[in-house]
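Have a look at the structure below, then the notes.
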Amino acid sequence: MNTLDECTLDNFEVLHTPIWIYDILHHRIFWANEAALVLWEADSLTELKGRDFGADMADAISLLLQRYLGDFQQGRSYNEWWSLSPKGVKKQVYLRLSGVQLAGRLMMMTEAVIDADSLHQQSSLATGDTLACLFDDSGLLVSGNHHFESCFGAEIATLAQVFSGNDDAFFQRLSRLDEVVTEGECRTQKGMRWFQYQFRHIQQGARILLTMRDITDRKLEELEHRHLAWHDSLTGLLNRYGLMKSLEAYCGMGGRFALVFMDLDNFKLVNDNYGHKAGDRLLERVAGRLKQVCPRDVELARLGGDEFTALVPLNHGSVRAEEVADLMLSQMSKPLQLSGLPEVTIGGSIGIAVYPDDADDGDNLITRADMAMYQAKQMGRLRWQRFTPSMQQNLHRKLTLKQFLAKAIGRQELSLCYQPQVDASSRQLLGFEALIRWRNPVLGQVSPGEFIPLAEEMGLIREIGGWVLDTALAQMALWQRQFAIKVPVSVNLSGFQLTPSLPEQVAASLREHGVDPHLLTLELTETVLMLDMNGCIGILDRLSEQGIKIAIDDFGTGYSSLAYLNRLPIDTIKLDRSFVVGLNLPVIRATVAMATGLGLGIMAEGVEEEHELVALRAQGCHVFQGFLFGKPMTVAEIEENPFTLYSQVGEFALPRHGAP
């Protein structure tokens, strides 16, 4: 608080900023500079000083100014928007208010900020007119200023109509603190608006003085920023940050809920083959489908990449989470049409973890749902799996495998073995399927079913697939030199290898090793072909034109279209073991008939029992692969009885007519 004298006031005359001294006790302007006279539409200082501002002043404003006097004594000051109406001319100004000691009493010095730069700097905390109103201690309206009435009309009678938080705890807090500042939303004549509320407890008369500043624009901007921070810009679903906030809120409420965690099964293939724009369109389609099928109270999120989650409120059991998982998977099994691209089917795998049964916080719930999802992927995909405690060990195993797998090729830990393929009618050994094996000094022998999906997940599958092809061709060339015999070999391809550059890569490798293309068969699973049939046709045509044979592995599991099969340059269909084990004779009979009608060869894989062999031959299938004829063999085992197979059901020899 400053003390002024007449000399100091004379110095203010030269300032371009309107400055005046307001005598709060008498409701009159005590002094003003020339700039203030212009602002107040005053002919002279004498005329301005003669105005009585208390004549039509609302009680709320009068009390507010009285409260300012007490605050000025404590050294406080204010920066506020005020609306003035000198001679009926409405003006909105931003004021600096402070206390000054003058003529033996405390008054209010007011400076109007009118230049644009200062106005921008000083007005960030308030917009619009200041609303002021007075309530009694029971919350009944006593009076309000003009802006309050303009905003709410004549319908307001109680504090509850403008402030929803006026419970007993609020009144106790206000009487204890004497002042409460908060924010909230209420309905006005212009709809719902956000306000900053400043409550002051007036002990004399036990009344409540409330000033309100409209902060709707700022609040909407904050909410927009929050939406952008919480939501994925591509799909509109919650992002990872938004999911964590929702998990925090759900955990805080203490009820049971499930996290349903879905990973798309073949998204990377689409992304790699058609580019990131196509991948983005696919993710948008997936998000749209999930929004359509999931109940309204289920919160959806995209964690990033191709991972989606759903927060599902539960009652007692986990049945509802499983129902939502089934809905999500049903959408992933349907083909997706992307503009300008072939129809694709991607599939998905889902893990489910329940709070508080499986985890007591959001981070651990995500981790456990992820573990369950990985287990579902391992068990065949397009399915869901509940978390179990044993999955914790599986996660540790997965991380360990990843660590060692990244260095497996460099450390020469990978090898190939070869499983024989035979013709039971002609008693001939037709060739071998090259199968990858991984033996790590620490982990021991690791199953391909365990490390191949990891290699795909880590982006190593092309490097490993290239190594398999190159190693198999090198072995075929070596056998040809050592034994003067041409040995047909089949090599499996991952869908991630099926790119436009594949035909030239295979051709280059064949030339390098001097292997006849007709000796090489490339095997692809039916699922991979169905993912992008149109894209596969061109690549397979270019491979077939080189003389390379094409086989469909695991046939019967991917629901191939007969029309598409007729268009593909396929040489052989390999009947999946699941039909062999159960001896599903109608399916086997139909598949044999279809293959015969299309002029394709058919091979039954996974044949282990003699009664299976008898039943398959009765259906017209004569080419086999399985333990009944021989397990995967090392090079040394093959060369021990050069290219002659001694099995439970007889002897099979590789024909020598292919020798150079």
Side-chain angles (χ1 to χ4, degrees), residues 164-165 167 169-170 182-185 219 222-264 286-287 290-291 293-329 348-377 383-396 398-399:
S164 59
D167 53 13
F170 164 76
T182 186
E183 294 180 357
E185 191 179 18
K219 200 68 180 179
E222 288 178 2
L223 293 173
E224 177 65 18
H225 288 162
R226 174 179 170 178
H227 179 85
L228 293 175
W230 283 43
H231 290 78
D232 173 45
S233 59
L234 180 65
T235 63
L237 305 181
L238 290 174
N239 58 18
R240 180 176 288 274
Y241 179 79
L243 174 64
M244 294 308 299
K245 286 295 185 182
S246 287
L247 283 170
E248 183 180 321
Y250 268 78
C251 292
M253 290 187 290
R256 295 183 77 248
F257 67 94
L259 180 67
V260 179
F261 188 117
M262 181 176 74
D263 181 84
L264 304 183
V286 168
L290 295 181
K291 290 176 187 177
V293 300
C294 287
R296 290 182 177 274
D297 63 339
V298 171
E299 288 192 42
L300 294 167
R302 177 190 169 218
L303 291 190
D306 59 344
E307 295 175 338
F308 292 84
T309 64
L311 280 176
V312 184
L314 301 176
N315 293 321
H316 302 292
S318 60
V319 175
R320 189 165 188 252
E322 295 160 4
E323 291 172 347
V324 169
D326 284 333
L327 287 173
M328 295 168 71
L329 289 176
S349 301
I350 286 179
I352 301 173
V354 175
Y355 174 92
D357 306 22
D358 302 325
D360 57 5
D361 62 64
D363 280 328
N364 282 319
L365 198 67
I366 291 176
T367 300
R368 284 162 171 72
D370 187 26
M371 292 180 198
M373 179 277 296
Y374 182 73
Q375 183 71 20
K377 202 176 284 285
R383 61 181 298 157
W384 56 261
Q385 183 68 34
R386 264 294 307 268
F387 170 80
T388 60
S390 63
M391 292 178 185
Q392 194 81 39
Q393 298 176 348
N394 294 339
L395 176 63
H396 178 72
K398 176 181 175 182
L399 295 175

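The chain is numbered in sequence order, starting from 1.
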Do [X] and [Y] come within less than 4.5 Å of each other through their side chains, counting heavy atoms only?
| X | Y | value |
| --- | --- | --- |
| His231 | Leu238 | yes |
| Ser349 | Arg383 | no |
| Gln375 | Thr388 | no |
| Glu185 | Lys219 | no |
| Arg386 | Val354 | yes |
| Trp384 | Asp326 | yes |

Can you see which heavy atom on [X] is nearest to which on [Y], and at what distance?
| X | Y | answer |
| --- | --- | --- |
| Val324 | Ala310 | CG1-CB, 4.4 Å |
| Gln385 | Ala372 | O-CB, 3.2 Å |
| Gly348 | Leu329 | O-CD2, 3.3 Å |
| Ala229 | Asn239 | O-ND2, 2.9 Å |

Side chain Arg320, main chain Pro313, donor-acceptor under 3.5 Å: yes
Matching residue for Lys291 among Thr235, Val298, Leu237 - test: side-chain contact (heavy atoms from CB on, under 4.5 Å): Leu237
Atom [atom1] of [X] and atom [atom2] of [Y]: how far apart are they, to the nearest 0.5 Å?
| X | Y | atom1 | atom2 | result |
| --- | --- | --- | --- | --- |
| Asp357 | Phe257 | CG | CZ | 10.5 Å |
| Glu299 | Leu247 | CD | CG | 9.0 Å |
| Asp232 | Leu243 | CG | CG | 12.0 Å |
| Phe261 | Met371 | CZ | CE | 11.5 Å |
| Leu259 | Asn364 | CG | CG | 12.0 Å |
| Leu264 | Phe308 | CG | CZ | 5.5 Å |

With under 30° as parallel and over 60° as perpendicular, where do the rings of Trp230 and Tyr241 fit, or are they tilted in between?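 Perpendicular, since the angle between the ring planes exceeds 60°.
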Would you sort out whether Leu311 and Thr309 count as a side chain to side chain contact (heavy atoms under 4.5 Å, CB included), showing the intermediate values? CA-CA 7 Å; Leu311 280 176; Thr309 64; 5.9 Å; no
Please determine whether side chain to side chain contact (heavy atoms under 4.5 Å, CB included) holds for the pair Ile366 and Met244, giving the CA-CA distance in whole Å, both sets of side-chain angles, and the decisive distance to 0.1 Å. CA-CA 9 Å; Ile366 291 176; Met244 294 308 299; 3.4 Å; yes
Do NZ/NE/NH1/NH2 and the carboxylate oxygens of Arg368 and Asp358 come within less than 4.0 Å? no
